[in-house]
Visitor: 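Following this message is one structure expressed as structure tokens.
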Amino acid sequence: MVNWVNIGINWVLISSLYALVAIGFTLIFGVGNVLNLFHGASITLGAVAAWLVTSVGGMNVWLGIGAAIILGGLFNVILYDGLIRRIQDDHIVVAVVTLVVFFIVEHGLIIGMGTTQKFIPPLIEGQTQVLGKNVLNNRIAVVALSWVVIGALIVFVNRTREGQAILAVSMSDKGAALIGIDADTVYRNTWIVAGVIAAVSGVFLGSFRTVSPAMGLNPMILSFSVVILGGLGSIRGSLVGAYVIGLLEVLTTSLVSPNLSGLTPLLALFVVLVLRPEGLFGRGAVGH
Amino acid sequence: MVALGGMPFLLGDLDLLKVTAALYFAGFVMAWDAVSGYTGQMSFGHSAFLATGAYTSALLNAHFGLPLPVTILLGALAAGLLGLLIGLPVLRLEGPYLSLITLILPLIMLQVFIQFSDITGGESGLLQVATLVTGIQDNYYVAFAVFTCILLFLTVLMRSNMGKILTAIREDEEAVSVSGLNPARFKIFAFTLSAFLSGLAAALFAHSTVGSASPSLLLVLTVNVELIIAAIIGGMGNVGGAAFGGMLFYLGREWLSGISYTVPVVGLPFDEVYIILFYVLVVVMLLALPKGIYVSVVDRSSGSALESIFDNWLGFLTSLRG
């Protein structure tokens, strides 16, 4: 007997997290036209920060989220100012360098914390009855908070000066320069925002799975599928893409085989890129 | 080249094995460079072709008892065919899209391999792979032959009109189509050829004493990054640069992993320390010498060498201050 309620709950949970991860990735691409392959490490760093604060420091998990926000943002500022700013004209070098820095952080964490799995306490303890099934409160909190973050981001982008500058640069960097927007500041802001949301999604992920130095890689790869499906550079596309990819993932793992985790989204991505490379809401990928 | 040919007389067995593996790696880098360096179509997923060549050959040999020369050729053809099938739809994509989809390809393949672990050996790979020749020196000479053949073949090819067209596609694709040539055809040709050469070199590597058919050697994400880094360090779009970058990258890492064992850091896993050190070095090199060492220093034809390396360093130092 297939447990549709569980499938539905898992779907909403996983998809909300994918959306968070994907939005940061797509934002940096939309604004700077570069792939930030360090994004997965931001997820890991957020989870590690929360683990340090809660397990080692013995403090509240909400302080852990605060620490994750600071670390995720700080790391991306250093990365952007130290490296990316010098090489951002060449998207190949950016992709390679960000991936190499990912490896550096991953190996640094292996030295620092070992490879044994660590845990973050749930955001909210206990269970609630949903449609006759027991659901952990933590899962409900993760879904709700993910949407709070997404909502805050949408308000930030559409309602604040800094956010609108990001939008302007992603539409046309020349046009933005003409009306006096400093592209460098916008790039840096975008990297900070992306780092912060990735780190927060890392805490969420760690609160119902485990924390390990390599934990960010798979969510990042899945977010590739999400952003390609939705269209690279489109926030709306990422949201829709996340729920489609999340559905595919949950359906295959619960109905076909848990071993196939990660495979269907990648195959779906392949099909999308071949049939409709610009995605559902994206800009053209096929030139000339 | 003469120095490389004489290596067996100069080096001990252990070092000779390292140079043997480095020659194969340089072969992979040259094959990658033939499409990505020359046409600018960045592939982040060439390990899929490496694995296809190696696994096809090893499995055909183990299960059907076909002789190695036949299976190696079939492995290379299978890799070339995969390159053609992937290249047809994928090469329509531009820049980051192409990078992302090629990055995905080996990941899908690894999932499939794990799914069919009883045949492919899953994450640990194939344990018993037949060797083409035994003996450390003989293996070295096979690797040396593979390296030389790829180097010569690509050098000749890239000096012909084909090389000019491929470079022109990288510089300005529209100009190529305006002059009446179909860039798509040439890109697909280069992609297929590159996949074929990758499969060939990887199949020979798998059947040597230094290699085998396993995901960690031929399929994982790191392999692709290493290929790209080696090519950039040597100088992309330059056969000699790719060969030089491949050797330098592989031997440099081996050398670094050797000295780190003498560093008296207590309680730290040495492997991890040297890997971090190595990757930091890589980042510094990518920033300091974006054109690559070989192109900047060795290949005099492409501008005044010392001057350009000096300019690069100067630029790097000023950018650090600014």
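Chain naming here is simple, since letters A, B, ... match the order of the sequence lines and numbering starts at 1 in each.
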Visitor: Quick one: what part of B/Ile114 sits under 4.5 Å from any heavy atom of chain A, side chain, backbone, both or neither?
Guide: neither

Visitor: Under 3.5 Å, side-chain donor or acceptor atoms of residues 91-101 of chain A against the rest of the protein: list the pairs with distances, not counting sequence neighbours.
Guide:
residue	atom	partner	partner atom	Å
A/Thr98	OG1	A/Leu37	N	3.1
A/Thr98	OG1	A/Val94	O	2.7
A/Thr98	OG1	A/Ala95	O	3.0

Visitor: Please walk me through it: do B/Ile276 and A/Ile111 pass side-chain contact (heavy atoms from CB on, under 4.5 Å)?
Guide: CA-CA 10 Å; B/Ile276 291 181; A/Ile111 293 179; 3.8 Å; yes

Visitor: Find the distance between CG (B/Leu286) and CZ (A/Arg86) and round it off to the nearest 0.5 Å.
Guide: 14.0 Å

Visitor: Which region of B/Ile108, side chain (C-beta onward) or backbone (N, CA, C, O), has a non-hydrogen atom less than 4.5 Å from a non-hydrogen atom of chain A, or is it both or neither?
Guide: both

Visitor: By a 4.5 Å heavy-atom criterion (distance strictly below it), what part of B/Leu91 contacts chain A: side chain, backbone, both, or neither?
Guide: neither

Visitor: For the atom pair CZ (B/Phe278) and NE2 (A/His107), what is the distance rounded to the nearest 0.5 Å?
Guide: 11.0 Å

Visitor: In Å and rounded to the nearest 0.5 Å, what is the CE to CG distance from B/Met109 to A/Leu263?
Guide: 12.5 Å

Visitor: Between B/Val112, B/Leu107, B/Ile232, which shows the greatest number of heavy-atom pairs under 4.5 Å with chain A?
Guide: B/Leu107

Visitor: For A/Leu267, is it the side chain, the backbone, both, or neither that has a heavy atom closer than 4.5 Å to a heavy atom of chain B?
Guide: both

Visitor: Can you pull out the residues in residues 35-49 of chain B with any heavy atom less than 4.5 Å from chain A?
Guide: B/Met42, B/Phe44

Visitor: Among the options B/Asn224, B/Leu110, B/Ile228, B/Val225, pick out the one with the most heavy-atom pairs lying under 4.5 Å from chain A.
Guide: B/Val225

Visitor: If you round to the nearest 0.5 Å, how far is CD1 of A/Ile221 from CG of B/Leu221?
Guide: 6.5 Å

Visitor: Kindly give the heavy-atom pair with the smallest separation between B/Ser99 and A/Leu35, and that separation in Å.
Guide: CB-CD1, 4.1 Å

Visitor: Working to the nearest 0.5 Å, report the span between CD1 of A/Ile104 and CD1 of B/Ile275.
Guide: 10.5 Å

Visitor: Under 4.5 Å from any heavy atom of chain B, what part of A/Ile87 do you find: side chain, backbone, both or neither?
Guide: side chain

